[in-house]
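Predicted model, so just to flag it, every value in this text is computed and none were measured.
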There are 2 protein chains.
Amino acid sequence: MERVRWSATNSEGYEAPAALATDVVVLTVRDERLVALTVARDGGDERALPGGFVGAGERPLETALRKLHEKTGLDAPYVEQLGAFADPGRDPRGWIPSIAYLALVPPDTRVPDASACWIDARNPQALAFDHEEVLAAAVERLEGKLWWSNVTVGMLPGAFALSEARRVYEAIAQARYDPATFGRDLKSTGLIEPTGEQRTAGPGRPAAMYRFTSDRPAWGAGRRKRIAA
Amino acid sequence: MERVRWSATNSEGYEAPAALATDVVVLTVRDERLVALTVARDGGDERALPGGFVGAGERPLETALRKLHEKTGLDAPYVEQLGAFADPGRDPRGWIPSIAYLALVPPDTRVPDASACWIDARNPQALAFDHEEVLAAAVERLEGKLWWSNVTVGMLPGAFALSEARRVYEAIAQARYDPATFGRDLKSTGLIEPTGEQRTAGPGRPAAMYRFTSDRPAWGAGRRKRIAA
DNA sequence: GTAATAGTGTCTTTTAGACACTATAGC
DNA sequence: GCTATAGTGTCTAAAAGACACTATTAC
């Protein structure tokens, strides 16, 4: 199925991109696994990341958020740019660079649109365009920032128990953390604070609830070398 | 001086970007300061980052390297993508998204082209377009990766003494490191290895030379939490 | 009571910073 | 010899991991 390729020429007479696209990698944790959101492509059984074309005069970030909402009904609390994917041939329709975004949503997020579904983020099925590459970049970014920033702010509800946070961290890092050490280390980052509330869920002692001190991207204590004398 | 804005419409009848640009932030260390390379703009006394338009069928990374060479005569050993800058109005000529790259060159690099000159990367003069924002993103990226990757591979010659490396790290981190501790920590990253050579420069004991074990982007030991039992 | 989850305290290991000391060059 | 730079060894401080112990809930 070879369609006619789109093309564009600018007013100076040079070939121009046929469009500017955005793609969004929405990640969350389900059943202790990192999963990504995909949508069905029109007229094909292949799946793809949600995304769409940037309108003239529109900021690409706004396009990404708008398309995410249109295609999945979701609003992501945390979004950051992953980078541009613009190699020739990435889109069979023509010269269409794409700006990819990473969005995170809480584990219990329900997707209103039935055609959207979650796939394993680390062993994805075949995806359209270069979306497998984009997804891999998103996973790598998330893994890398896990302990150095409050990225997970988007993956946890407004108030959360340390055990909830731990399960999210464990799914992303693919590791098991000692509950005591995890709590101590997370608190010592300065990124979270107690809400004062408690929550009882099933058997067991009620858990103290915490919130992130900021819902904007921030770096934690991180590891910065001290200054020598 | 308001020129006519470029425009483009694709074969589907929708407005399209007038062009796709790349910009390169070339950073190095001179006189213990982090500096960035700028070029004179045609027909203006404002300065800008080197860059240019991506040709149809060209990979943006290749465009960046080609433009860097054309405008400054430089070939950078280390280049990575910074991200896309595509907000409307960033380029007065029209809708022109840009993909920015970070390139690093050794401290003693001479720029063949006389119109190119180095400016303070942390307190830049006014630059064209959104290039001050791009430069700030580059500095932040470099600072963030300093101790977690071999980014500095691009900023050191093929063989270097630990004291040379230390001066580069100090300029980037804006800190002073204890020479003994610095050497121990850099060696423990596993990113460098001794060449076996020695070098005498002026008075003082000759320095053992080292090289990076890889000249491709790589992450060092980094800090990854261990797995709980 | 038992099972389950939450949280505290503390010992040990690892890593980073400081700094005294030795080594080798030019003069 | 003196000064300058390079490199080693080791003490100390801080962070991370392990794990025993206590606390509070449902049943």
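Heavy atoms of B:G202 sit under 4.0 angstrom from primed sugar atoms or phosphate atoms, though from no base atom. Residue A:A208 is classed as a sugar-phosphate contact, given heavy-atom separations below 4.0 Å to backbone atoms only.
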Practice problem: Could you walk me through whether B:Y210 and B:E193 pass side chain to side chain contact (heavy atoms under 4.5 Å, CB included), step by step? | Solution: CA-CA 5 Å; B:Y210 290 83; B:E193 63 189 4; 5.8 Å; no
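Annotation: the span from B:Y169 atom OH to B:M155 atom CE amounts to 11.0 Å, rounded to 0.5 Å.
One can place CZ of A:R199 at 14 Å from P of D:dA26, the figure rounded to the nearest angstrom. The separation between A:D178 atom CG and C:dA6 atom C1' is 13 Å, rounded to whole Å. One can place CD of B:E164 at 13 Å from C1' of D:dA6, the figure rounded to the nearest angstrom. Between B:Y169 atom OH and C:dG17 atom P the separation is 14 Å, expressed in whole Å. Distance B:M209 CE to D:dG7 C1': 15 Å, rounded to the nearest Å. For the pair B:Q198 CD and C:dT24 P, the interatomic distance rounds to 9 Å; values are reported in whole Å. We find that CZ of B:F182 is positioned 13 Å from P of C:dA16, with the value rounded to whole Å. If you take CZ of A:R166 and C1' of D:dG17, they are 14 Å apart, rounded to a whole angstrom.
The A:D185 side chain lies nearest to D:dG17 when the options are C:dC19, D:dG17, C:dA6. Comparing atom distances between the A:T181 side chain and each of C:dA25, D:dT25, D:dC19 picks out D:dC19 as nearest. Comparing atom distances between the B:P206 side chain and each of C:dA25, D:dT25, D:dG17 picks out C:dA25 as nearest. Picking from C:dT8, D:dA6, C:dG26 the nucleotide with the shortest atom distance to the side chain of B:P203 gives C:dG26.
B:F129 has its ring centre no less than 6.0 Å from the ring centre of B:F85.
Along DNA chain D, the nucleotide nearest B:A180 and the nucleotide nearest A:R205 are compared for position; the residue whose nucleotide lies closer to the 5' end is B:A180. Position along DNA chain D of the nearest nucleotide to B:A201 versus A:T200 favours B:A201 as the more 5'-ward residue. When each of A:G204 and A:L162 is assigned the nucleotide of DNA chain C with its nearest heavy atom, A:G204 is the one assigned upstream, toward the 5' end.
Side-chain N/O atoms of B:E58 and B:T63 include a donor and acceptor closer than 3.5 Å. If you check the side chains of A:S98 and A:D23, you find a donor sitting under 3.5 Å from an acceptor.
On a pure distance criterion of 3.5 Å, a polar donor-acceptor pair joins the side chain of B:R184 and the base of C:dG17.
Residue A:K187 places none of its side-chain N or O atoms closer than 4.0 Å to OP1 or OP2 of C:dG7.
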